[in-house]
> 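Handing you a structure now.
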2 protein chains.
Amino acid sequence: MPTSKDVARLAGVSQSTVSYVMSGKRPISEEVRQRVQAAIEELTYHPNAGARALAGRRTHVVGLVVPFGASADPGGLLPFIETIASGAREHDHDVLLVTADEGTSALTRLEGRRLCDAIVLMEVEARDERIAVASGLRVPVLLVGVPEEPDGLVCVDLDFAAAGRLAVEGLVERGHRRIAVLGYPPEAVERDIGYVRRFGDAALAAASAAGVECALLSPVAHTAAAVRAAVGRALETARDGDGADDDGLDDDAGLGLVVASGGAVPLALTALAERGVVPGRDVSVVAMLPDATAAATSPPVSNVSTESRDVSRRAVQELFRLLGDDPPTGGGVHLVPPRLTHRRTTVAGPAGA
Amino acid sequence: MPTSKDVARLAGVSQSTVSYVMSGKRPISEEVRQRVQAAIEELTYHPNAGARALAGRRTHVVGLVVPFGASADPGGLLPFIETIASGAREHDHDVLLVTADEGTSALTRLEGRRLCDAIVLMEVEARDERIAVASGLRVPVLLVGVPEEPDGLVCVDLDFAAAGRLAVEGLVERGHRRIAVLGYPPEAVERDIGYVRRFGDAALAAASAAGVECALLSPVAHTAAAVRAAVGRALETARDGDGADDDGLDDDAGLGLVVASGGAVPLALTALAERGVVPGRDVSVVAMLPDATAAATSPPVSNVSTESRDVSRRAVQELFRLLGDDPPTGGGVHLVPPRLTHRRTTVAGPAGA
DNA sequence: CTGAAAGCGCTAACAG
DNA sequence: CTGTTAGCGCTTTCAG
């Protein structure tokens with residue numbers, strides 16, 4: 001197994017020159033560079049990562065703390081990890097995977113053992129005991145999710161407030177005057193994940209700003225029974241309102257249903273079907289889902305995108321800004337905007353328009 | 001940031017003693033051990049991973065090559081990664097995640113840079129160009145999946161042949177004389193993943209051994225149309241056979257349908273429902289699915305388990321045998337046995353029994 | 001533009 | 001049972 005010394009000998013240069021050729025940290029004459037490169041190829045030289053880390057005090061590794069087992073949305077995890085991993089590779093870094101069940105000790109271990117140059121902490125909750133530890137570390141930490149107290153850390157997340165707003169406004173535009181939001185499952189609500197509140201609050205605020213009624217049904221477990229019950233309540237609420245319509249106009253496009261938790265979508269569609277209610281005709285349904293998933297439901301459901309790839313790409317970007325030359329002073333919250341796409345489950349437009 | 005030298009000074013011992021206390025590689029008097037431990041705690045000392053790797057020629061890291069994007073069964077990936085990660089931690093190892101799209105260069109890089117002590121290669125295909133490279137490495141490689149030429153490498157996989165057999169035998173026991181196997185999607189077939197063939201062959205062999213007819217419908221894309229067509233053909237095949245029943249007895253329990261690819265199960269159940277065919281009464285359905293998933297379909301589908309956790313636990317076990325003291329000589333194929341669980345979708349038993 | 005040399009922090013002989 | 005010492009392979013001053 002060749003070392004940089006072997007490369008140096010073969011190229012007829014010093015070991016430090018080899019190092020500088022690889023790092024580009026000082027000017028090298030074209031001729032020498034070529035000789036060194038040739039020697040590297042010939043020996044298929046790879047720098048020893050341990051030695052590099054020891055001498056250079058950079059591991060070229062990022063630690064990724066993944067919420068295995070406890071994830072509210074396991075579907076989004078894989079694309080996320082994938083994107084981080086390939087993003088890291090583009091910057092000549094590798095990814096060390098750590099499971100969240102190690103708790104805060106994972107963080108101190110990653111830092112203490114100098115296992116990585118930076119840490120990405122996934123699925124951060126509103127009040128997360130790891131934040132305090134994380135903000136005391138010397139290695140930069142990037143949070144995916146926005147806690148109540150970011151504590152000077154950099155956060156990246158989908159803009160759930162914008163998502164809630166977008167969903168409601170999209171329905172209002174299509175003429176809905178009564179909106180119901182099917183909330184998150186009890187697990188998510190109890191764990192107090194930040195976006196649960198942000199989504200709901202923004203949806204209510206948007207409705208109130210538009211002067212329409214909005215019922216937030218939450219929590220709703222991801223079981224057929226719970227979703228069926230919630231859908232039933234939502235439909236009744238909407239019907240109750242009809243008679244009291246004060247302008248007497250028939251401008252009500254029916255219930256506008258927002259499904260906040262992607263996992264509940266198939267159940268919600270089934271529940272509507274059971275009652276003979278047709279999305280896109282009798283009611284509108286807008287769900288939080290990745291575009292690909294939304295396009296694949298039957299019928300394709302209108303969705304506010306939760307592209308975990310968008311978020312993770314942004315995370316990679318911020319991550320390597322943290323590892324770059326100019327140190328971004330304090331923390332910062334970076335929210336990735338969602339998009340609303342109308343598919344088959346929204347009605348065409350205001351009846352009175 | 002304290003080093004082992006600091007610990008040594010504080011404990012009033014030599015640096016090597018600190019090292020030996022941590023590794024347990026030589027006897028230490030109880031008194032000294034205590035002093036050292038105390039110093040370690042007090043300083044919250046963590047050994048520098050790079051230095052340790054450099055001096056000790058063990059990184060305490062295992063490389064995991066994950067088939068992101070191309071996985072035939074994304075659902076099984078996460079539990080697998082999770083199990084490997086926590087298994088590794090139990091042995092004081094960490095996991096470095098590498099995406100398969102790096103191809104063989106990932107392997108040479110992991111080895112060349114001395115990034116890990118062993119490599120786990122997931123979702124190995126029947127003829128996989130990485131095998132040749134892997135078997136030439138100095139770091140031990142564990143394959144998940146069984147290639148045609150294991151080339152002296154250790155492999156761990158679900159026993160797909162046993163699974164195929166189990167599914168067919170389970171149906172035969174319940175009285176089915178006509179069996180159809182809904183095969184894998186074209187992607188899986190084309191990529192020539194080993195288990196596709198092993199499952200199908202074993203199913204056919206078991207049927208032939210039991211003297212029952214068996215049609216292998218493959219490939220079947222995971223689209224409503226393709227599955228519907230395949231189900232239709234399966235049902236017709238079964239019906240054709242009825243008239244030719246040579247013993248004249250009405251001992252035919254109807255079609256026994258094996259769904260080889262878990263992803264097709266909902267589509268298959270829907271296709272049956274469309275034709276008014278009731279699983280568990282008119283036909284039996286046995287699918288390859290994790291138990292949890294099978295229990296959650298409606299109705300709960302009888303299944304041959306594909307517990308990726310079982311496989312990955314076995315993988316961890318073999319992995320650390322490779323890293324242990326006694327070097328398991330050559331390669332070896334380790335097959336994890338599946339289990340058959342009858343749920344709602346199999347008929348009660350032979351009509352004639 | 002290039003070399004020489006001093007460590008980075010740890011492990012593992014070797015010596016008692 | 002414990003201490004001394006020589007590297008592991010690289011990066012990075014300091015010289016030229």
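Just so it is clear: chains get the letters A, B, ... in the order the sequence lines come, proteins before strands, and each one is counted from 1.
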> A side-chain contact here means heavy atoms from C-beta on lying under 4.5 Å apart; do P47(B) and R113(A) qualify?
yes
> Stepwise, does the side-chain contact (heavy atoms from CB on, under 4.5 Å) test hold for V120(B) with V65(B)?
CA-CA 6 Å; V120(B) 176; V65(B) 183; over 6 Å; no
> The side chain of Y45(A) is closest to which nucleotide in this list: dA12(C), dT2(C), dC10(D)?
dC10(D)
> Output the single nucleotide from dT4(D), dA13(C), dC1(C) whose closest atom is nearest the side chain of Y20(B).
dA13(C)
> Can you tell which of dG9(D), dG3(C), dT12(D) lies closest to the side chain of T3(A)?
dG9(D)
> Looking across every strand, which nucleic acid part, if any, lies under 4.0 Å from S4(B) by heavy atom: base, sugar-phosphate, or nothing?
sugar-phosphate
> In this structure, how many angstroms lie between the P atom of dG9(D) and the CG atom of N48(B), rounded?
16 Å
> Would you mind classifying the nucleic acid contact of R26(A) as base, sugar-phosphate or nothing, using non-hydrogen atoms under 4.0 angstrom?
base
> Of the options dG3(D), dT2(C), dC10(D), whose atoms approach the side-chain atoms of S14(B) most closely?
dG3(D)
> Does the side chain of T17(A) get closer than 4.0 angstrom to OP1 or OP2 of dG3(C) through an N or O atom?
yes
> Contact class for V13(A) vs. all strands (heavy atom < 4.0 Å): base, sugar-phosphate, or nothing?
sugar-phosphate
> Can a salt bridge be assigned to the pair D117(A) and R52(A) using a cut-off of 4.0 Å between side-chain N and carboxylate O?
no
